[in-house]
Structures are given as structure tokens and as C-alpha cells.
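Labels below follow one simple rule: chain letters A, B, ... track the order of the sequence lines, proteins then strands, and each chain is numbered from 1. All values reported here derive from a predicted model rather than from experimental measurement.
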Amino acid sequence: MEYDFSAIEKKWQEYWVEHKTFAAVTGGDKPKFYGLVEFPYPSGQGLHVGHARPYTAMDVIARKKRMDGYNVLFPIGYDAFGLPTENYAIKNHIHPAVVTRDNIANFSRQLHMLGYSFDWDRVVDTTDPAYYKWTQWIFLQMYKKGLAYKTTMPVNWCTSCKCVLANEEVVDGVCERCGSPVIRREKSQWMLAITKYADRLCDDLDDVDFIPRVKIQQRNWIGRSEGMEMNFAVTTGDTLTVYTTRCDTLFGVTYMVLSPEHPILSGWKDKIQNWDELQAYKDEAARKSDFERSELNKDKTGVRLEGVRAINPATKEEIPIYVSDYVLMGYGTGAVMGVPGHDQRDWEFARKFGLPVIEVVAGGDIEKEAFTLKDDTGTMVNSGFLNGMTVKDAIPAMKQWVEDQGIGRRKTNYKLRDWVFSRQRYWGEPIPMVKCPCCGWVPLSEDQLPLLLPEVESYEPTDTGESPLSKMTDWVNTTCPQCGGPAQRETDTMPQWAGSSWYFLRYMDPHCTDGIASREAMDYWSPVDWYNGGMEHTTLHLLYSRFWHKFLYDLGVVPTKEPYRKRTSHGMILGEGGEKMSKSRGNVVNPNDIVAQYGADTLRVYVMFIGDFTKAAEWSAKAVAGCKRFLDRVWNLCSVPRTDDALSRANEKEIHRTIQKVGSDIDEMKFNTALAQLMSLVNKMNADQPSRGDVKILLQLLDPFAPHMCEELWQIQGFEGLCCESAWPAYDESKMVDEEKTIAVQINGKLRDTVVVPAGSDKDAVLAAALQSRKIAGYAEGMDIVKVIHVPDKLINLILKPKK
RNA sequence: GCCGCCGUGGUGGAAUGGUAGACACCGUGGACUUAAAAUCCACUGGGCGUUCGCCCGUGCCGGUUCGAAUCCGGCCGGCGGCACCA
């Protein structure tokens, strides 16, 4: 018989809302648990099954934690600023706030429809002025501490969005969001000095429980390297500073290379004999985007400076200086020492320009390729006082020598760049800064916050690269907070990452009016105990929010150094056929359709059963139906009156095992095997009719996955209170043991038979039983038993040799 | 190029040193039905042989071990991240 899922699910969803069943209360005696999922961007398409997987997973965890006796905070909100809404507003001439309101209403309805146990009194919306007031406040604190600054720099400009992008938002030379080409433009931008936190963002990863992949990717992105800055004397009389991680190879330096943008070049204009050639090369490099420069990495280009040479401080020999675009101005000093014997790029460059290649570390074949060391092997040669040393010893020895000579110093470098924080768009948080002709940039005073977005007639971005706000002269023209004279507001807005960098703090106290959240609430709920989200946010949102949190920690605003104790990640749900779901492929599954056809509980069970949670999984309509069949079986089993509150003898053992397995599997996010175990238990109960006590435990164990149905059946069986508020059942290991065990019998490591023996039988007893087997006796005929390996209750392996 | 992950039936996947394929999907046969759907029961890795067995089998080749999907080395293939970062 099928159950009436639509009536049952509606009934319990309304009950939970009306009774605020899942409202979190700050404080109390219970231990707290704060489970977090990434809040959605409320797009016009509505919720996607891609949301359902991570949301259901954390809902299962949150529901189980409540049954485990935790005080659980499981909140949701909307990351609602952003381009799609703005573009939709432009196209349809609707205010983005209206679009946002409608989309949020739709998302909210869908999230309720899936039965998530969110605390609906704590919903956060980043576009709410009561929220973005505090986003602006954090920006002002950063400005006051010198972490927010405005500078003119080449930026990534998306030709379609007509907007600046952060480095992290440019993927393969195109805009991460719209796929249009990204070009370089000089623009004045607000920047956040995330690089000042680079070391802590790296080091503090040691103290958090993030999955290794996330830690590796963050460390990779930060790209810390320990090396030296070294000064090379130049024949012009000045010095050239390079950065290197391989100072041990100094004797192998046969040339220098400068970035085309290196500022020292202009000072050498009258000394460089081939200036015209150099200028032409610089002009060409300037026309290329970073992407083009790195894409053309097959063939090295460059210009040799005529009339200027450097001196190798180790060999005292004069060496040529080149300009080449493989050296980037943005990393290190914009100048490198060329060590062709031991750096592959230098090797290629030297080959192309006919430069000498000197071996200073023996062990490779520098005729064929550079001998670059990965594991500190090799011995120093042709290197004066370093000769005979291992590389491991040579590096500190050379560092010491360079410092003693006063020609260099130890230096740490990072790939991480400061965060480009301005966007030339309307639908974002206004940056609360005023430009005064007398005072320069002046922050708004905190009592002026929130600085509201003005109503504009058109949200169209401008081709000049100015925000739509720049046309709002009434809003732009203001007075200087410092001198009171006429001044102009900043018209750029913040990127979408701003609002999401601290939203988890707001959930702790979402209606707080005198701070981002009350100290009491933050002391109680911090840190987030478990944050699950997508790998695509590892180098963006996750890094940015850790940075903001550390800044707030330094201000004394938040109580912990790190925002998240534990971070896990889910795999994507792919369309049928194994491709990414997308509108253009037409393979998008809408949760509304699945819920209408099978109910929310089936969708929840399916997305948890689909496969390993951490890996990508392919949608299968057939398998969804299988999950519905499972729930129908549960319904049929549990909706008939049952008697006897004790566990039935027939099912007792399997029930205790299931309690243990489902509990540990949920804790480890192995939802698929938890459900497999529950399916086995249901199959068992179908064979051996369950008692009322059996049914009770089944409902409790299944409740996190299929909460509506379990709650209904709980009521039908007449159990007290709510199933979701009952205590997670305990298992008794002594009730799980088998009296008899089936033992695998191997001959020389190959399985030949099985025997049944009493549990806990010793080696001799098992051996005796094995030899009783006709098959085993047949194998043992005419053989000596040389050795017997016994694994208690599992296996016995007889090593046989022919009798002499 | 560097870093990381992965490779198991027709399919999704279990099993992380001890009976490979749990659980499910698909498929086949049966029961029920006037019939179909639904439901229930049985079978379901490949091959040889048919009461009962035997051989092969976790991308490929080797190694360690009494015993390897699992550990180690080397290939092949796929996915993700970073990428002229000195």
C-alpha cells in the first residue's frame, strides 16, 4: 500500500513551523552543536537538486545531534546580492529588491517543502539593510586598521559583466560567472590586505579539522615559499634585487632577467644602447593579458640589454641582463637570477639565447634538461666553498654567507594577492566612503550606517567602467564627514563575497541591533562545529571568511581564531548521462517534480543513498522509485497496530547492530551505507514480524532521513511526544554477538570451505572442525600441516606441504 | 609541468590486510489478476561442467604477505586544483 505522502508531509511541516520545533535557544545545560550549510543564492530558477544533497546531509546530522541530546543551531539564509538578479532586473525593469524578495519567497517555500529542520526565526538576507549595515561596519574597521586601501592597478575586467573581477574569479582567462573574455584595465580599486594574514591563514590550518583536500588547496593558493632576496651589483652603479628559493645555485647564475614592467629600466634609458628594441618589447608585453602571457609559455621571448651588465657576487663575473615576459612584476621583486642548469624555465631561455649552462649540483644530465631538485638530493660542484656539500647543507650555508656579505636577506613570499574589493555594479553593498577634495578618502561615521542603496532608474553598467550609482548625482554629491565641504561618495559596491564572509556570525544573534551579534551569543555558539560546502568555495569564500574572522578576532569582536572547527565537502549531482546539470543540456532535475511524484522523504532518502557523499553521483530516476518502494515497505510495516514494547527475539540482534551502524555512519557522512543497513533491517522485519518496540527503534533511526513519515508513524503507534525529539536509542554490544560463527577455511591462502563453530572458539577447536569437513580432509590427504593461521571468529588458513 | 583524488558485475555502489560484489537499480522466471499496473517470492560477476564441483575475476605489470580490491614500486586511463610563482 502506498502512503499519502503529500498530506502527511504538509501536516508535519506546518506543525514544525507552528510549534517552532527546531528553534535554537542560546544557552542552557546541553552541549551545543552548530551545523552550517552554505546559504543559497536565491536565483530565479529556484532550488536545485544540487542544493538538496548537502542540505539533506546536514539536516540528517542536525536531527541526529538533537536526538543525541545537543542544543542544535541549524540556520539558513540568502546570499542575495549579485549579478544574475541585477541582470534580470535590467532586462525586465523590475527593482532588484523586488526580484530578490520574490526569489527568496520561492526558495523558502521549497526549503520548507523538503522538511529541513532550520531555525526559521534566524533567517538572514545579505541585502537587508539591517544586515549589510554590519557588512559596511566591518569594512570601516578594516579601513581604520589600514587593511582597506584604494590603489590604481591593472585589474581583471570582464567585457560582458563590465565589472572588475578578483583574481579568484578569473578562470582560464575568462569570467568565472559568464564565460566572457577578461582583459586588463588600469583602475582605481578598493583593496583588502588579505596578504597580511597569509601566514596565519596558512599556519592555523594545523589547528582545524578540515578535510585534507581543502587544506592542501588553501596552502597551494596562498603559495608560501621561503627564500632570499639578493642584491646584484650592476655596471650602472646601482643594484638589482632578485628573489630566489635556491640561493645554493648562486655559482650557476649566468644571466639576469627582468620583468618588462620593472621600474629600474627607465633609469637606465641613456645607458641601454638598444632602447628602441626594448621599448618595442615592453609595448608588446603590455598589450597581452596575463592569460595570453602565460598561455604563450612554449616559446620564451626576450631582449638582451646592451650596455648594462650585472655582476655575480659569488663568481665576480659580469653577466648579461635580459628583459622577458616570463618574469612577472607581481611576484617577488620582478627580477630573477638565471640558473639554467637547475631551473627548467631558465634552461629553456638559455637554450634559446645561447647562454652558458653551468652545472652546480651533480646528479642530473643538464645537457637534456635542468636538474631541479625535489627531494634534496645531489652534491654541490663548481661552487667554491659549497663544493662537496649536499644541497640540504648548501642552502643554509649559502644563506649565512649572503647575510655575512651583506648582500641579501631571508624573505618569505606568497602567491596570494590582496583582494580586489570594488565592483562597478548596482546590486551590492555601497562602500561607505566619501572622497573629499581637501581630506582625501574619508570614512562615514558609524552612526551613518547603513548607507542605503539609492533608488535608481537604470541599473545598466556603463562602458566607462563606472558603477550605475555614479549617475545618481543626488546621492553621489554629499558633504565630507571630516571638513563638511562638498564631497562625493564612492560609487563602486562590494563584491558578493562580502556578505558571505560573516553570515555564520549573524545567525548566532540575527536580530542584534548594536553589533554583528551579541558577545553572549557568539561566546555560546562559536565556533561553527561543522561546515559542509562545495569544493568550489575553497579558495574564495572559505579563505575570505577565515580572513574576516581573524580580523574580527584581532579586534576582540569574536571569541575564536578560526570560524569553523570542521569542514567537509560533498560531490556534485550530475544529470542522467553523467554530465553536469545545466539548463542548456536540458538535464536539470527540479525538486518540485520529485516531491510531487514521490514526496520529500523519498527525495531525501534518494539523495542520501545515491552514493559516496564526497564523490560526484549521477541522477537516476529509476533509483528514486526504488527509494519510494523502501519507504512504502516501512509504511506497511509500521502503520499496522503492533504490540509488545520489548524487542522481539527474532530482530533484536539486527536492531542493536543497526543502531550502532546507522549512528556511526551518520557521524562519518556515510549516509549510503546507513540506509543500506536500514533497508536490511526492514527486510528482516518483513520476514520476522516486528514488535511495537522494534518499530519504535526503526522509526527513530530512520527519522533523520525521512522525518515526515517517521513522525506520522510514531503518532499512529501512539508513542509519546515527537519522534524527532526522542532520545537516540542506545545499543548493547552483548546483544549483538552471534552464538555461532561461520569460519572461512583456507588451504594455502585459498578459500576452500566454511565451517560453523561456536563464537570465540580457539584455534584447536576451529582446526578440528575444519578437518571434519570432507572437502578439507580431501585437500589434507597425504599432506603435512606446516602452519595454521587463525583469525578468531573469522578465518583459519592451513599451510600444507606434501608428506616426505 | 606540479599537487591531490580515483579506477570493483549490465548500472549506482559495499568491503581499507582475513569468505569480493552488502544495499539498491536493471534484467529473467514465478505467484496474484480476465488482463495490465502495483505488490510479493526466487534467480541474477564470467566461464567450464551440471545432485556436486572446478577455474577465472577488483585498469595493467611486478613486489611484500600464510592471505592483497586494500600495502609498496612501475605503467595505462579518468577527474579536480594550481600553473612561466623564480
Colleague: With a 3.5 angstrom cut-off on both distances, give the Watson-Crick or G-U wobble partner of B/rC54, or none if there isn't one.
Modeller: B/rG47
Colleague: Base, sugar-phosphate, or nothing: which does A/A625 touch, judged by heavy atoms less than 4.0 Å apart?
Modeller: nothing
Colleague: So, does A/Y779 get its side chain near the phosphate of B/rC54, meaning an N or O under 4.0 Å from OP1 or OP2?
Modeller: yes
Colleague: Looking only at atom C1', what distance separates B/rC25 and B/rA14, rounded to whole Å?
Modeller: 15 Å
Colleague: Does B/rC23 pair with anything, Watson-Crick or G-U wobble, both distances under 3.5 Å, and if so, with which nucleotide?
Modeller: B/rG12
Colleague: Please give the distance between the C1' atoms of B/rG12 and B/rG17 as a whole number of Å.
Modeller: 26 Å
Colleague: Looking at A/F371 versus A/W347, is the centre-to-centre ring distance below 6.0 Å?
Modeller: no
Colleague: Would the number of heavy atoms belonging to other residues, nucleotides or ligands and lying under 6.0 Å from NZ of A/K352 be above 12?
Modeller: yes
Colleague: Determine which nucleotide pairs with B/rG29, using a 3.5 Å limit on both distances of a Watson-Crick or G-U wobble pair.
Modeller: B/rC41
Colleague: Taking the side chain of A/N672 as its heavy atoms from C-beta onward, which of B/rC56, B/rA14, B/rA24 lies nearest to it?
Modeller: B/rA14
Colleague: For A/K300 and A/E348: C-alpha separation, side-chain torsions, deciding distance, then whether salt bridge (Lys or Arg N to Asp or Glu O under 4.0 Å) applies.
Modeller: CA-CA 7 Å; A/K300 297 269 182 290; A/E348 284 162 18; 3.4 Å; yes
Colleague: P atom, B/rG1 versus B/rC61: distance in rounded Å?
Modeller: 26 Å
Colleague: Can you tell me the pairing partner of B/rG7 across any strand shown, Watson-Crick or G-U wobble, with both distances under 3.5 angstrom?
Modeller: B/rC76
Colleague: Go through B/rG18, B/rC84, B/rA24 for me and flag the one nearest to the A/D325 side chain.
Modeller: B/rC84
Colleague: Less than 4.0 angstrom between a side-chain N/O of A/R752 and OP1 or OP2 of B/rG53, yes or no?
Modeller: no
Colleague: Give the rounded distance in Å between these two atoms: NZ of A/K750 and P of B/rC55.
Modeller: 6 Å
Colleague: Could you measure between the two C1' atoms, the one in B/rG59 and the one in B/rA68, and give it in whole Å?
Modeller: 16 Å
Colleague: Got a salt bridge between A/R657 and A/D738, using NZ or NE/NH1/NH2 to carboxylate O under 4.0 Å?
Modeller: yes
Colleague: Please state the C1' separation for the pair B/rC79 and B/rC84 - nearest whole angstrom.
Modeller: 25 Å
Colleague: So if I take every side-chain heavy atom of A/K670 and compare against B/rC82, B/rA15, B/rA86, which nucleotide ends up nearest?
Modeller: B/rA15
Colleague: Considering only B/rG80, B/rC66, B/rG4, which nucleotide approaches the side chain of A/I216 most closely?
Modeller: B/rG4
Colleague: Of the listed nucleotides (B/rA15, B/rU39, B/rU19), which one gets closest to any side-chain atom of A/T742?
Modeller: B/rU19
Colleague: For the residue pair A/T614 and A/H570, establish whether any side-chain heavy-atom pair is separated by less than 4.5 Å.
Modeller: no
Colleague: Please tell me which of the listed nucleotides, B/rC26, B/rC66, B/rA24, lies nearest to the side chain of A/I789?
Modeller: B/rC66
Colleague: May I ask you to verify if any side-chain N or O of A/N636 is less than 4.0 angstrom from the OP1 or OP2 atom of B/rC40?
Modeller: no
Colleague: Looking at B/rC82, does its base get a donor-acceptor pair with the side chain of A/N220 below 3.5 Å?
Modeller: no
Colleague: Sort out the partner of B/rC82 for me: Watson-Crick or G-U wobble, both distances under 3.5 Å, none otherwise.
Modeller: B/rG1
Colleague: With syn defined as a glycosidic angle within 90° of 0 and anti as the rest, where does B/rG59 land?
Modeller: anti
Colleague: Quote, to the nearest angstrom, the C1' distance that separates B/rU51 from B/rU58.
Modeller: 33 Å
Colleague: Mind checking who B/rC71 pairs with, Watson-Crick or G-U wobble, both distances under 3.5 Å?
Modeller: B/rG63
Colleague: Can you see if the side chain of A/R629 gets near the phosphate of B/rC25 - specifically, an N or O under 4.0 Å from OP1 or OP2?
Modeller: yes
Colleague: Say you pick atom P in B/rG73 and the same atom in B/rC5; how far apart are they, in whole Å?
Modeller: 12 Å
Colleague: Return the value, rounded to whole Å, for the distance between atom CG of A/L416 and atom P of B/rG81.
Modeller: 19 Å
Colleague: Would you classify A/K415 as touching base, sugar-phosphate or nothing, given that sugar-phosphate means primed atoms plus P, OP1 and OP2, and contacts are heavy atoms under 4.0 Å?
Modeller: base
Colleague: Contact class for A/G223 vs. all strands (heavy atom < 4.0 Å): base, sugar-phosphate, or nothing?
Modeller: nothing
Colleague: For the residue pair A/Y243 and A/Y331, categorise the inter-ring angle as parallel (less than 30°), tilted (30 to 60°) or perpendicular (more than 60°).
Modeller: perpendicular
Colleague: Using the C1' atom as the reference point in each nucleotide, state the distance between B/rG46 and B/rU8 in Å, no decimals.
Modeller: 14 Å
Colleague: Between B/rG4, B/rA86, B/rA15, spot the one nearest the side chain of A/Y243, thanks.
Modeller: B/rA86
Colleague: Under 4.0 angstrom, heavy atoms only, what part of the nucleic acid is A/S680 near: base, sugar-phosphate, or nothing?
Modeller: sugar-phosphate
Colleague: Considering only side-chain heavy atoms of A/W221, which listed nucleotide, B/rA86, B/rA20, B/rC82, is closest?
Modeller: B/rC82
Colleague: Consider side-chain contact (heavy atoms from CB on, under 4.5 Å). Of A/I321, A/T333, A/V303, A/V327, which one does A/L258 pass it with?
Modeller: A/I321
Colleague: May I have the distance from A/L795 (atom CG) to B/rU65 (atom P), rounded to whole angstrom?
Modeller: 18 Å
Colleague: Which nucleotide, if any, forms a Watson-Crick or G-U wobble pair with B/rA35, using both distances under 3.5 Å?
Modeller: none
Colleague: Rounded to whole Å, please give me the gap between CZ in A/R633 and C1' in B/rC41.
Modeller: 13 Å
Colleague: Which label fits A/Y255 and A/Y322: parallel for a plane angle under 30°, tilted from 30 to 60°, or perpendicular past 60°?
Modeller: perpendicular
Colleague: With nearest nucleotides of RNA chain B determined for A/I743 and A/R246 from heavy-atom distances, which residue corresponds to the more 5′ nucleotide?
Modeller: A/I743
Colleague: Between B/rG12 atom C1' and A/M608 atom CE, what is the distance in whole Å?
Modeller: 15 Å
Colleague: Which nucleotide, B/rG12, B/rA86, B/rA20, lies nearest any side-chain atom of A/F609?
Modeller: B/rG12
Colleague: Does B/rC23 have OP1 or OP2 under 4.0 Å away from a side-chain N or O of A/K684?
Modeller: no
Colleague: Which sits closer to the 5' end of RNA chain B, A/K775 or A/Q746, going by the nucleotide each is nearest to?
Modeller: A/Q746
Colleague: Between A/Y326 and A/F349, does the ring centroid distance fall short of 6.0 Å?
Modeller: yes
Colleague: Tell me the interatomic distance from A/E536, atom CD, to B/rC79, atom C1', rounded to whole angstroms.
Modeller: 15 Å
Colleague: Of the nucleotides B/rA86, B/rA14, B/rG4, which one has an atom closest to the side chain of A/R213?
Modeller: B/rG4
Colleague: Side chain of A/K661, backbone of A/A674: donor and acceptor closer than 3.5 Å?
Modeller: no
Colleague: Across the strands shown, which category fits A/D346 at heavy-atom distances under 4.0 angstrom: base, sugar-phosphate, nothing?
Modeller: nothing
Colleague: Write down the distance between CG (A/D612) and P (B/rA22), rounded to a whole number of angstrom.
Modeller: 18 Å
Colleague: Looking across every strand, which nucleic acid part, if any, lies under 4.0 Å from A/L798 by heavy atom: base, sugar-phosphate, or nothing?
Modeller: nothing
Colleague: Grab the CD-C1' distance between A/E668 and B/rA14 for me, whole Å please.
Modeller: 14 Å
